[in-house]
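What follows is a short report on a single structure.
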Amino acid sequence: MQVNSAEASSFGHLGFSGLSYRLTADRRSSSTHTLITLLDRYGDTLWEAGKHRNNVTGFIHDLYAMMPQKEFASFGQEMLDELVNNLRRRGNSNATINRKISALSKLLRKASKMGDIGPLPDFSRQKEKAGRIRFLESNEEERLFGALRETSDLYYRLCIFLVDTGARLGEALGLRWNDLQGQMATFWITKSGRSRSVPMTRRAQEAIAASRGRGLGPFYGIDQQQFRAAWKKAKRQVGLAHDEELVPHVLRHTCASRLVRGGIDIRRVQMWLGHQTLQMTMRYAHLASQDLAVCLPVLERQGAPA
(Lines give C-alpha, C1' and ligand atoms only; values in the text may rest on other atoms or scores of the structure.)
Protein backbone atom coordinates (compact mmCIF):
# COMPACT_ATOMS: atom_id res chain seq x y z
CA MET A 1 0.00 0.00 0.00
CA GLN A 2 1.35 3.43 -0.95
CA VAL A 3 0.69 6.59 1.07
CA ASN A 4 1.82 10.03 -0.11
CA SER A 5 3.67 12.44 2.19
CA ALA A 6 0.63 14.67 2.66
CA GLU A 7 -1.45 11.71 3.90
CA ALA A 8 1.32 10.59 6.23
CA SER A 9 1.93 14.03 7.68
CA SER A 10 -1.77 14.43 8.44
CA PHE A 11 -1.36 11.79 11.15
CA GLY A 12 1.28 13.82 12.98
CA HIS A 13 3.57 11.89 15.24
CA LEU A 14 1.47 8.72 14.94
CA GLY A 15 2.75 8.17 11.41
CA PHE A 16 1.82 4.85 9.79
CA SER A 17 0.70 3.33 13.10
CA GLY A 18 -2.06 5.91 13.27
CA LEU A 19 -2.94 5.33 9.64
CA SER A 20 -3.19 1.59 10.22
CA TYR A 21 -5.51 2.14 13.20
CA ARG A 22 -7.73 4.49 11.21
CA LEU A 23 -7.98 2.13 8.24
CA THR A 24 -8.84 -0.77 10.56
CA ALA A 25 -11.51 1.23 12.38
CA ASP A 26 -13.00 2.46 9.09
CA ARG A 27 -13.13 -1.08 7.74
CA ARG A 28 -14.92 -2.43 10.82
CA SER A 29 -17.41 0.39 11.03
CA SER A 30 -18.32 0.15 7.35
CA SER A 31 -18.92 -3.64 7.35
CA THR A 32 -22.35 -5.01 8.17
CA HIS A 33 -23.45 -8.33 9.56
CA THR A 34 -26.58 -10.33 10.33
CA LEU A 35 -27.25 -12.64 13.23
CA ILE A 36 -27.12 -15.56 10.82
CA THR A 37 -23.71 -14.67 9.37
CA LEU A 38 -22.32 -14.21 12.88
CA LEU A 39 -23.84 -17.55 13.94
CA ASP A 40 -22.23 -19.25 10.94
CA ARG A 41 -18.90 -17.65 11.84
CA TYR A 42 -18.82 -18.32 15.58
CA GLY A 43 -21.50 -20.91 16.34
CA ASP A 44 -19.14 -23.89 16.28
CA THR A 45 -16.71 -22.09 18.58
CA LEU A 46 -19.30 -20.99 21.13
CA TRP A 47 -21.48 -24.10 21.37
CA GLU A 48 -20.67 -27.79 21.11
CA ALA A 49 -22.78 -29.92 18.82
CA GLY A 50 -25.88 -31.30 20.50
CA LYS A 51 -29.32 -30.44 21.76
CA HIS A 52 -28.26 -27.17 23.40
CA ARG A 53 -26.69 -25.83 20.21
CA ASN A 54 -29.79 -26.84 18.28
CA ASN A 55 -31.90 -24.83 20.72
CA VAL A 56 -29.56 -21.84 20.48
CA THR A 57 -29.66 -21.98 16.70
CA GLY A 58 -33.45 -21.88 16.83
CA PHE A 59 -33.34 -18.89 19.21
CA ILE A 60 -31.01 -16.92 16.93
CA HIS A 61 -33.12 -17.66 13.85
CA ASP A 62 -36.27 -16.55 15.71
CA LEU A 63 -34.65 -13.27 16.69
CA TYR A 64 -33.33 -12.72 13.17
CA ALA A 65 -36.79 -13.25 11.69
CA MET A 66 -38.36 -10.56 13.87
CA MET A 67 -35.68 -7.92 13.23
CA PRO A 68 -36.95 -5.22 10.84
CA GLN A 69 -33.35 -4.35 9.97
CA LYS A 70 -31.52 -7.57 9.22
CA GLU A 71 -28.05 -6.10 8.64
CA PHE A 72 -26.18 -3.97 11.14
CA ALA A 73 -22.72 -2.55 11.76
CA SER A 74 -23.43 -2.07 15.47
CA PHE A 75 -26.06 -3.46 17.83
CA GLY A 76 -27.49 -0.75 20.05
CA GLN A 77 -29.82 -0.61 23.01
CA GLU A 78 -32.83 0.33 20.86
CA MET A 79 -32.40 -2.82 18.77
CA LEU A 80 -32.24 -4.98 21.88
CA ASP A 81 -35.24 -3.30 23.51
CA GLU A 82 -37.25 -3.76 20.33
CA LEU A 83 -36.46 -7.48 20.25
CA VAL A 84 -37.46 -7.90 23.89
CA ASN A 85 -40.72 -6.03 23.27
CA ASN A 86 -41.48 -8.18 20.23
CA LEU A 87 -40.85 -11.36 22.21
CA ARG A 88 -43.17 -10.14 24.95
CA ARG A 89 -45.90 -9.26 22.43
CA ARG A 90 -45.63 -12.80 21.08
CA GLY A 91 -46.45 -14.14 24.52
CA ASN A 92 -42.97 -15.34 25.49
CA SER A 93 -42.50 -15.62 29.24
CA ASN A 94 -39.66 -13.77 30.92
CA ALA A 95 -37.84 -17.07 31.38
CA THR A 96 -38.05 -17.77 27.64
CA ILE A 97 -36.98 -14.22 26.82
CA ASN A 98 -33.96 -14.62 29.10
CA ARG A 99 -32.89 -17.83 27.35
CA LYS A 100 -33.14 -16.26 23.90
CA ILE A 101 -31.40 -13.03 24.86
CA SER A 102 -28.70 -14.99 26.66
CA ALA A 103 -27.88 -16.78 23.39
CA LEU A 104 -27.91 -13.44 21.56
CA SER A 105 -25.64 -11.88 24.17
CA LYS A 106 -23.07 -14.66 23.91
CA LEU A 107 -22.97 -14.38 20.12
CA LEU A 108 -22.70 -10.59 20.06
CA ARG A 109 -20.04 -10.51 22.78
CA LYS A 110 -17.92 -12.84 20.71
CA ALA A 111 -18.45 -10.70 17.61
CA SER A 112 -17.55 -7.57 19.55
CA LYS A 113 -14.43 -9.18 20.98
CA MET A 114 -13.33 -10.13 17.48
CA GLY A 115 -13.88 -6.56 16.27
CA ASP A 116 -16.89 -7.23 14.04
CA ILE A 117 -19.18 -4.83 15.89
CA GLY A 118 -18.81 -1.97 18.34
CA PRO A 119 -20.00 -1.43 21.93
CA LEU A 120 -22.87 -3.59 23.13
CA PRO A 121 -26.12 -2.75 24.94
CA ASP A 122 -26.98 -3.70 28.51
CA PHE A 123 -28.17 -7.32 28.47
CA SER A 124 -30.15 -7.15 31.71
CA ARG A 125 -32.22 -10.18 32.69
CA GLN A 126 -36.00 -10.05 32.91
CA LYS A 127 -37.44 -10.86 36.32
CA GLU A 128 -38.71 -14.43 36.35
CA LYS A 129 -41.60 -15.72 38.39
CA ALA A 130 -40.88 -18.50 40.81
CA GLY A 131 -42.72 -21.39 39.21
CA ARG A 132 -44.08 -24.44 40.98
CA ILE A 133 -41.71 -27.37 41.04
CA ARG A 134 -43.34 -30.73 40.42
CA PHE A 135 -41.85 -33.74 42.16
CA LEU A 136 -43.04 -37.26 42.94
CA GLU A 137 -44.34 -38.37 46.28
CA SER A 138 -43.48 -41.94 47.23
CA ASN A 139 -46.90 -43.35 46.30
CA GLU A 140 -46.79 -41.64 42.89
CA GLU A 141 -43.35 -43.07 42.22
CA GLU A 142 -44.49 -46.57 43.10
CA ARG A 143 -47.51 -46.40 40.77
CA LEU A 144 -45.71 -44.73 37.86
CA PHE A 145 -42.63 -46.92 38.00
CA GLY A 146 -44.78 -50.03 38.27
CA ALA A 147 -46.61 -49.08 35.07
CA LEU A 148 -43.32 -48.37 33.31
CA ARG A 149 -41.95 -51.75 34.33
CA GLU A 150 -44.85 -53.43 32.55
CA THR A 151 -43.63 -51.83 29.32
CA SER A 152 -39.89 -52.19 29.80
CA ASP A 153 -37.71 -53.31 32.67
CA LEU A 154 -34.88 -51.24 31.16
CA TYR A 155 -37.00 -48.06 31.28
CA TYR A 156 -37.94 -48.88 34.86
CA ARG A 157 -34.28 -49.23 35.85
CA LEU A 158 -33.43 -45.99 34.06
CA CYS A 159 -36.06 -44.16 36.14
CA ILE A 160 -34.69 -45.68 39.35
CA PHE A 161 -31.25 -44.39 38.41
CA LEU A 162 -32.56 -40.93 37.49
CA VAL A 163 -34.56 -40.40 40.67
CA ASP A 164 -31.76 -41.62 42.95
CA THR A 165 -28.91 -39.69 41.28
CA GLY A 166 -30.70 -36.56 40.08
CA ALA A 167 -29.11 -37.03 36.67
CA ARG A 168 -30.59 -35.42 33.59
CA LEU A 169 -31.88 -37.88 31.02
CA GLY A 170 -29.09 -37.06 28.57
CA GLU A 171 -26.47 -37.49 31.29
CA ALA A 172 -27.73 -40.98 32.13
CA LEU A 173 -27.94 -42.06 28.49
CA GLY A 174 -24.40 -40.81 27.93
CA LEU A 175 -22.93 -42.94 30.73
CA ARG A 176 -20.23 -45.40 29.77
CA TRP A 177 -19.05 -48.34 31.83
CA ASN A 178 -15.77 -46.62 32.68
CA ASP A 179 -17.81 -43.78 34.23
CA LEU A 180 -19.06 -46.18 36.91
CA GLN A 181 -16.47 -47.03 39.52
CA GLY A 182 -17.70 -48.81 42.62
CA GLN A 183 -20.36 -46.65 44.27
CA MET A 184 -19.62 -43.56 42.18
CA ALA A 185 -21.11 -42.41 38.87
CA THR A 186 -19.35 -39.68 36.89
CA PHE A 187 -21.24 -37.60 34.36
CA TRP A 188 -19.07 -36.12 31.64
CA ILE A 189 -21.81 -35.01 29.23
CA THR A 190 -23.47 -32.26 31.27
CA LYS A 191 -25.43 -29.10 30.54
CA SER A 192 -22.76 -26.89 32.11
CA GLY A 193 -19.91 -28.68 30.41
CA ARG A 194 -18.40 -29.54 33.80
CA SER A 195 -18.13 -33.13 34.91
CA ARG A 196 -19.39 -34.22 38.32
CA SER A 197 -19.47 -37.41 40.35
CA VAL A 198 -22.18 -38.57 42.74
CA PRO A 199 -22.51 -41.67 44.94
CA MET A 200 -25.21 -44.15 44.02
CA THR A 201 -27.86 -45.64 46.28
CA ARG A 202 -28.07 -49.39 46.64
CA ARG A 203 -31.04 -49.64 44.28
CA ALA A 204 -29.29 -47.40 41.71
CA GLN A 205 -26.30 -49.76 41.83
CA GLU A 206 -28.66 -52.70 41.36
CA ALA A 207 -30.25 -50.98 38.37
CA ILE A 208 -26.78 -50.57 36.85
CA ALA A 209 -25.74 -54.13 37.64
CA ALA A 210 -28.80 -55.52 35.83
CA SER A 211 -27.54 -53.88 32.63
CA ARG A 212 -24.08 -55.47 32.70
CA GLY A 213 -22.99 -56.48 29.22
CA ARG A 214 -25.27 -53.96 27.56
CA GLY A 215 -23.37 -52.09 24.83
CA LEU A 216 -21.14 -49.17 25.75
CA GLY A 217 -23.06 -48.24 28.88
CA PRO A 218 -25.95 -49.31 31.13
CA PHE A 219 -28.52 -47.29 29.19
CA TYR A 220 -26.74 -47.19 25.84
CA GLY A 221 -29.01 -47.19 22.82
CA ILE A 222 -32.19 -46.03 24.52
CA ASP A 223 -34.15 -43.80 22.17
CA GLN A 224 -35.39 -40.71 24.01
CA GLN A 225 -38.58 -40.43 21.98
CA GLN A 226 -39.51 -44.05 22.63
CA PHE A 227 -38.77 -43.63 26.32
CA ARG A 228 -40.94 -40.50 26.51
CA ALA A 229 -43.73 -42.35 24.72
CA ALA A 230 -43.54 -45.13 27.33
CA TRP A 231 -43.57 -42.48 30.07
CA LYS A 232 -46.79 -40.96 28.68
CA LYS A 233 -48.36 -44.41 28.44
CA ALA A 234 -47.52 -45.08 32.10
CA LYS A 235 -49.04 -41.73 33.07
CA ARG A 236 -52.30 -42.72 31.39
CA GLN A 237 -52.32 -46.06 33.13
CA VAL A 238 -52.08 -44.49 36.60
CA GLY A 239 -54.55 -41.68 35.91
CA LEU A 240 -52.04 -38.83 35.53
CA ALA A 241 -52.39 -38.23 31.80
CA HIS A 242 -53.56 -34.64 32.25
CA ASP A 243 -50.67 -33.64 34.51
CA GLU A 244 -48.60 -31.66 31.99
CA GLU A 245 -45.86 -30.96 34.53
CA LEU A 246 -45.21 -34.67 35.04
CA VAL A 247 -42.34 -35.15 32.58
CA PRO A 248 -39.16 -37.26 33.01
CA HIS A 249 -37.25 -34.20 34.30
CA VAL A 250 -39.49 -34.42 37.38
CA LEU A 251 -37.24 -37.26 38.54
CA ARG A 252 -34.36 -34.79 38.91
CA HIS A 253 -36.63 -32.43 40.86
CA THR A 254 -37.68 -35.35 43.04
CA CYS A 255 -34.09 -36.21 43.91
CA ALA A 256 -33.38 -32.57 44.82
CA SER A 257 -36.53 -32.24 46.91
CA ARG A 258 -35.72 -35.39 48.88
CA LEU A 259 -32.22 -34.15 49.65
CA VAL A 260 -33.50 -30.77 50.87
CA ARG A 261 -36.37 -32.28 52.84
CA GLY A 262 -33.90 -34.68 54.44
CA GLY A 263 -31.87 -31.81 55.88
CA ILE A 264 -29.01 -31.66 53.35
CA ASP A 265 -27.70 -28.09 53.15
CA ILE A 266 -28.39 -26.22 49.94
CA ARG A 267 -24.71 -25.93 48.96
CA ARG A 268 -24.29 -29.70 48.93
CA VAL A 269 -27.48 -30.05 46.89
CA GLN A 270 -26.01 -27.56 44.41
CA MET A 271 -22.88 -29.67 44.06
CA TRP A 272 -24.93 -32.86 43.74
CA LEU A 273 -27.06 -31.46 40.92
CA GLY A 274 -24.18 -29.68 39.19
CA HIS A 275 -25.85 -26.26 39.17
CA GLN A 276 -23.49 -23.48 38.11
CA THR A 277 -25.17 -20.96 40.41
CA LEU A 278 -26.74 -21.29 43.84
CA GLN A 279 -29.76 -19.38 42.54
CA MET A 280 -30.81 -22.44 40.54
CA THR A 281 -30.71 -24.63 43.64
CA MET A 282 -32.55 -22.09 45.77
CA ARG A 283 -35.75 -23.08 43.97
CA TYR A 284 -35.87 -26.03 46.37
CA ALA A 285 -35.03 -24.05 49.52
CA HIS A 286 -38.67 -23.67 50.54
CA LEU A 287 -38.81 -27.44 51.08
CA ALA A 288 -36.23 -27.27 53.85
CA SER A 289 -37.24 -27.63 57.48
CA GLN A 290 -38.91 -24.47 58.76
CA ASP A 291 -38.14 -25.23 62.40
CA LEU A 292 -37.05 -21.71 63.35
CA ALA A 293 -37.29 -22.45 67.06
CA VAL A 294 -33.67 -23.64 66.98
CA CYS A 295 -32.69 -19.99 66.42
CA LEU A 296 -34.08 -18.84 69.76
CA PRO A 297 -31.31 -20.11 72.09
CA VAL A 298 -28.73 -18.15 70.06
CA LEU A 299 -30.70 -14.91 70.44
CA GLU A 300 -31.43 -15.63 74.09
CA ARG A 301 -27.73 -15.99 74.87
CA GLN A 302 -26.79 -12.83 72.97
CA GLY A 303 -29.51 -10.78 74.63
CA ALA A 304 -28.93 -11.99 78.17
CA PRO A 305 -27.53 -9.40 80.63
CA ALA A 306 -23.86 -9.73 81.42
Side-chain angles (χ1 to χ4, degrees), residues 28 31-126 128 131 167-175 187-196 221-229 231 244 247-249 252 273-277 279-280:
R28 289 177 177 176
S31 61
T32 60
H33 309 274
T34 70
L35 293 182
I36 304 305
T37 58
L38 292 178
L39 181 64
D40 290 341
R41 183 175 300 179
Y42 300 119
D44 290 341
T45 303
L46 294 173
W47 296 285
E48 293 184 6
K51 182 179 178 181
H52 181 58
R53 192 170 84 180
N54 293 339
N55 290 338
V56 166
T57 299
F59 293 161
I60 298 300
H61 278 266
D62 286 347
L63 295 173
Y64 171 78
M66 66 176 62
M67 291 179 67
Q69 180 182 339
K70 306 297 184 187
E71 296 188 2
F72 52 88
S74 62
F75 200 99
Q77 191 68 47
E78 289 186 4
M79 296 173 66
L80 176 61
D81 291 345
E82 186 174 13
L83 280 177
V84 171
N85 290 336
N86 285 338
L87 289 170
R88 190 167 286 121
R89 281 193 289 267
R90 290 188 177 193
N92 285 198
S93 67
N94 282 355
T96 300
I97 293 174
N98 283 337
R99 286 196 294 272
K100 292 182 178 181
I101 297 303
S102 175
L104 174 67
S105 169
K106 190 170 184 177
L107 179 62
L108 293 182
R109 289 183 193 281
K110 177 65 173 179
S112 179
K113 184 177 181 179
M114 300 303 292
D116 295 320
I117 57 177
L120 298 176
D122 176 23
F123 292 99
S124 57
R125 288 178 60 83
Q126 307 297 309
E128 298 182 18
R168 299 179 180 89
L169 179 58
E171 293 172 346
L173 299 186
L175 274 175
F187 304 109
W188 296 97
I189 305 173
T190 66
K191 186 176 180 179
S192 67
R194 300 176 182 176
S195 63
R196 74 178 186 283
I222 290 181
D223 182 272
Q224 286 202 32
Q225 296 305 315
Q226 293 180 5
F227 170 71
R228 293 181 188 279
W231 176 276
E244 297 181 359
V247 296
H249 196 71
R252 179 169 163 86
L273 297 176
H275 286 157
Q276 287 185 287
T277 65
Q279 182 181 5
M280 289 291 295

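- Counting non-hydrogen atoms of other residues, nucleotides and ligands closer than 6.0 Å to CZ of R88 gives a total above 12.
- A 6.0 Å sphere centred on CH2 of W47 holds more than 12 heavy atoms belonging to other residues, nucleotides or ligands.
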Apply side-chain hydrogen bond (donor to acceptor under 3.5 Å, both in side chains) to S112 and R109, showing your working. CA-CA 5 Å; S112 179; R109 289 183 193 281; over 6 Å; no
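- Residues K106 and L46 approach most closely at NZ-O, 3.4 Å, considering heavy atoms.
- Inspection of the E82 and N86 side chains reveals no N or O donor paired with an N or O acceptor under 3.5 Å.
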Test side chain to side chain contact (heavy atoms under 4.5 Å, CB included) applied to R41 and M114, step by step: CA-CA 11 Å; R41 183 175 300 179; M114 300 303 292; over 6 Å; no
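- S105 and S102 are not linked by any side-chain donor-acceptor pair at a separation below 3.5 angstrom, with hydrogens and angles left out of the test.
- For residues 96-124, no pair satisfies ring pair (Phe, Tyr, Trp, His ring centres under 6.0 Å), with sequence neighbours left out.
- To the nearest 0.5 Å, atom CG of residue L104 and atom CG of residue D62 are 12.0 Å apart.
- The closest donor-acceptor contact from the side chain of H33 to the backbone of D116 lies under 3.5 Å.
- A103 and V56 make their closest contact through CB-CG1, 3.9 Å (heavy atoms, listed as atom of the first residue, atom of the second, distance).
- Contact between P121 and Q77 at its shortest, heavy atoms only, is CB-OE1, 3.1 Å.
- A donor-acceptor distance shorter than 3.5 angstrom exists from the side chain of K70 to the backbone of A65, with no hydrogens or angles considered.
- When all heavy atoms are compared, the tightest approach of L107 to L35 is CD2-O, 3.8 Å.
- Side-chain atoms of T190 and R194 include no donor-acceptor pair closer than 3.5 Å.
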T57 vs H61, side chain to side chain contact (heavy atoms under 4.5 Å, CB included): CA-CA, chis, key distance, verdict: CA-CA 6 Å; T57 299; H61 278 266; 3.6 Å; yes
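- With values rounded to the nearest 0.5 angstrom, T37 atom OG1 is found 9.5 Å from Y42 atom OH.
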Checking side chain to side chain contact (heavy atoms under 4.5 Å, CB included) for the pair L87/I101: CA distance, chi angles, key distance, verdict? CA-CA 10 Å; L87 289 170; I101 297 303; 4.2 Å; yes
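- Without hydrogens or angle criteria, N98 side chain to R125 main chain gives no donor-acceptor distance under 3.5 Å.
- Using cut-offs of 30° and 60° for the angle between ring planes, the F75 and F72 rings count as perpendicular.
- For the atom pair I222 CD1 and Q226 CD, the distance stands at 10.0 Å (nearest 0.5 Å).
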